[in-house]
Amino acid sequence: MKFQLAVNMERIDDSLDMQDVARHTLEMVQIAEEGGFDIVWSAEHHALEMTIAPNPFQLLTWWSTETSSIRLGTAVATAAYWHPINLAGEAAFVDLISGGRLEFGIGSGAYQREFDRMKPGLKQSDAWRYMQEMLPAVRALWGGDYAHEGEFWNFPTSTSVPKPVQPDVPVWVSARSPITYDYAMREKCHVNCWPLTRPFAEAELYMQQLNEAIVKADNGWIPRFALMRHACLYDNEADRQEGLKAIRRLLSQFENLFRNAGNVVNGFPAALPLDELEGREQYDPAMLEENLMFGSPDTVIQKLKKYQALGVNEFIYYASMGLSHDAQKRSLRMFCKEVMPEFKS
């Protein structure tokens, strides 16, 4: 099993200094590289302190100068917010500067609040159409001169400047629905998925959709398949309680954005009362501890082996959940030292 890290510059409130937040994020990337992680992912979000990433390629360029081997990915670049020529060039620049370490992840976008500001009038549920037009255009621009006439973009002959160092940049698509799995297999992309806080059955559903899409495409493509879960390792009750408190607080803000149902003041989403929400059983601490990658190293090893038996051969350790910086680093180091050796080939 290979391991990947998803980490954000994040502030739950304004008590943290932005310089400390930035420095901590880099330290997490460096711990992951030293521990043997394969890829680190940066997100794209706008006007939200809980994910400070207005341009994921800036983060990757910065991380590339402070690392040497870990691969650098976007999870994800939101297609509707970009122009194909701009996106192709930004991504290729990261590949150039990093010495060919880019993993290009593209997706539809998550929050209606962001679409209301970045692409007014576009429903989040329709944004997949932008992604499906964008990816072939970016690949064509990487290859050389290309003119595009599409539904969302039109431009005369142009090309990506610079070009990627890699002759075939790995492309990843974030998928949860059959239509996206089908597209990813047709376009020969790798897949990452995120079951949110849902139980193991959700991962089984994604694996089923993936296998069905592979059969339907019938083009010989066998993708890498990575599954992401929030992760928090602990070996004492105090750290356990800190982890559960942090994830519930984060989820209360995430639900604000996901449902487009609460205020955001100066970039900080208000916390919705989880106990008052429809579907509040999704936030029960016992359920969260069971479904997420929470627990002692031995518990986490057993959870990962269950996913491995399902066919998940890559795990994305989602580190950002409002934990203190010390707790985040302690958990990640524990994972590197006590969990990853169990999965070495």
Trainee: For F104 and F57, take the angle between the two ring planes, folded into 0 to 90°, and tell me which bin it lands in: parallel under 30, tilted 30 to 60, perpendicular over 60.
Mentor: parallel
Trainee: Decide, yes or no, whether a salt bridge links D20 with R23 under the criterion of side-chain N to carboxylate O below 4.0 Å.
Mentor: yes
Trainee: Tell me, which pairs form a side chain to side chain donor-acceptor pair (under 3.5 Å) where one or both residues lie in residues 306-315, sequence neighbours left out?
Mentor: Q4-E314, R224-E314, R229-Y307
Trainee: Salt bridge or not for R139 and E187, using N-O below 4.0 Å?
Mentor: yes
Trainee: Regarding K216 and D182, does a basic nitrogen lie under 4.0 Å from an acidic carboxylate oxygen?
Mentor: yes
Trainee: What donor-acceptor contacts under 3.5 angstrom involve side-chain atoms of residues 191-207, with partners at least two apart or in another chain?
Mentor:
{"from": "N192", "atom 1": "OD1", "to": "S174", "atom 2": "OG", "distance (Å)": "2.6"}
{"from": "R198", "atom 1": "NH1", "to": "E202", "atom 2": "OE2", "distance (Å)": "3.2"}
{"from": "E202", "atom 1": "OE2", "to": "Y206", "atom 2": "OH", "distance (Å)": "2.8"}

Trainee: Is the shortest distance from a Lys or Arg side-chain nitrogen in D275 or R248 to a carboxylate oxygen in the other one below 4.0 Å?
Mentor: yes
Trainee: For the residue pair Y181 and F225, does the interplanar ring angle fall in the parallel (under 30°), tilted (30 to 60°) or perpendicular (over 60°) class?
Mentor: tilted
Trainee: Parallel, tilted or perpendicular for W172 and H190, by the 30°/60° rule?
Mentor: tilted
Trainee: Give a yes or no on this: more than 12 heavy atoms of other residues, nucleotides or ligands lie within 6.0 Å of atom CG of N263.
Mentor: no
Trainee: My understanding is that only residues two or more places apart in sequence, or in another chain, count here; which of them pass ring-ring contact (aromatic ring centres under 6.0 Å, His included) with Y234?
Mentor: none
Trainee: Please state whether the rings of F315 and F3 are parallel, tilted or perpendicular, taking 30° and 60° as the class boundaries.
Mentor: perpendicular
Trainee: Please verify the inter-ring angle class for H230 with Y318; under 30° counts as parallel, over 60° as perpendicular, anything in between as tilted.
Mentor: parallel
